[in-house]
A.B. asks: 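Pasting a structure here, questions to come.
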Amino acid sequence: HMRLAQKAGATSDSGAGCAIVSPSGTVLAVAGDRRRSHPLHHAVMVAIAEVSSSLAGRKRDPDSGEEYLCRECQVYLTHEPCVMCAMALVHSRVRL
């Protein structure tokens, strides 16, 4: 899966790439950095948006009742995430 992130990074604005994979191993999103079109379109943010739009609706955590998006998903990054992207990963409930 890291190769998918690297491939996305190779065609991105800054070389950053991100892949988000479900707990079952299904690739949910692969994205590269698109900051030239919008300052918030870092690879992580674009990938999380792709996961969000591909899911029929958000699921609820059975224990807490909170909504979550990427619970237990694995993230592959070509670069260390910035503070904005790191917090987006935390709030989307990826596996850290």
Side-chain angles (χ1 to χ4, degrees):
H1 297 112
M2 187 62 184
R3 286 194 179 118
L4 293 172
Q6 291 169 332
K7 188 175 179 180
T11 60
S12 73
D13 294 346
S14 70
C18 176
I20 300 178
V21 181
S22 75
S24 65
T26 303
V27 177
L28 300 175
V30 177
D33 187 77
R34 299 182 193 153
R35 285 187 269 180
R36 288 188 183 146
S37 65
H38 191 286
L40 299 179
H41 288 179
H42 295 204
V44 168
M45 301 300 281
V46 174
I48 290 172
E50 286 181 17
V51 172
S52 177
S53 66
S54 70
L55 297 176
R58 292 191 176 160
K59 301 175 185 175
R60 292 206 172 263
D61 185 312
D63 297 325
S64 68
E66 293 180 6
E67 288 186 354
Y68 63 93
L69 183 60
C70 301
R71 187 163 187 87
E72 297 299 317
C73 290
Q74 187 69 43
V75 177
Y76 297 86
L77 303 168
T78 59
H79 291 71
E80 183 176 350
C82 69
V83 173
M84 174 184 71
C85 291
M87 290 311 300
L89 291 169
V90 168
H91 288 290
S92 68
R93 306 288 196 268
V94 299
R95 193 168 138 215
L96 300 173

A.B. asks: Which distance, rounded to the nearest 0.5 Å, do you find between the CD of Gln6 and the SG of Cys18?
C.D. replies: 12.5 Å

A.B. asks: What closest approach, in Å, do Ala29 and Ala47 show between heavy atoms, and which atom pair accounts for it?
C.D. replies: CB-O, 3.4 Å

A.B. asks: Group every Ile, Leu, Val, Met, Phe, Trp and Tyr by side-chain heavy-atom contacts under 4.5 Å, then state whether Val46 and Val94 land in the same group.
C.D. replies: no

A.B. asks: If you compare all heavy atoms of Ala31 against all heavy atoms of Ala8, which two are closest, and at what distance to 0.1 Å?
C.D. replies: O-CB, 3.5 Å

A.B. asks: Does His42 reach the main-chain N or O of Val44 with its side chain, forming a donor-acceptor pair under 3.5 Å?
C.D. replies: no

A.B. asks: To the closest 0.5 Å, what do you measure between CD (Glu72) and OG (Ser22)?
C.D. replies: 11.5 Å

A.B. asks: So, for Pro81 and Ala86, which heavy atoms are closest and what is the spacing to 0.1 Å?
C.D. replies: CB-N, 3.9 Å

A.B. asks: Show the nearest heavy-atom pair for residues Leu28 and Cys73, with the distance to one decimal.
C.D. replies: CD1-SG, 3.6 Å

A.B. asks: Could you grab the distance from atom CE of Met45 to atom CG of Leu89, nearest 0.5 Å is fine?
C.D. replies: 9.0 Å

A.B. asks: Hey, any chance Val75 and Val21 share a hydrophobic cluster, counting ILVMFWY side chains that come within less than 4.5 Å of each other, even indirectly?
C.D. replies: no

A.B. asks: Identify the two heavy atoms, one from Met2 and one from Thr78, that lie closest to each other, and give their separation to 0.1 Å.
C.D. replies: CE-CA, 3.9 Å

A.B. asks: Provide the closest heavy-atom pair for Ser12 versus Asp33 in the form atom of the first, atom of the second, distance.
C.D. replies: CB-N, 3.1 Å

A.B. asks: Starting at CG of Leu40, measure out to CZ of Arg35 and round the result to the nearest 0.5 Å.
C.D. replies: 10.5 Å

A.B. asks: For the atom pair CD1 (Ile20) and CZ (Arg95), what is the distance rounded to the nearest 0.5 Å?
C.D. replies: 14.0 Å

A.B. asks: Once you round to the nearest 0.5 Å, how far does SG of Cys70 lie from NE2 of His91?
C.D. replies: 13.0 Å

A.B. asks: Can you tell if the side chain of Leu4 reaches within under 4.5 Å of the side chain of Tyr76, non-hydrogen atoms only?
C.D. replies: no

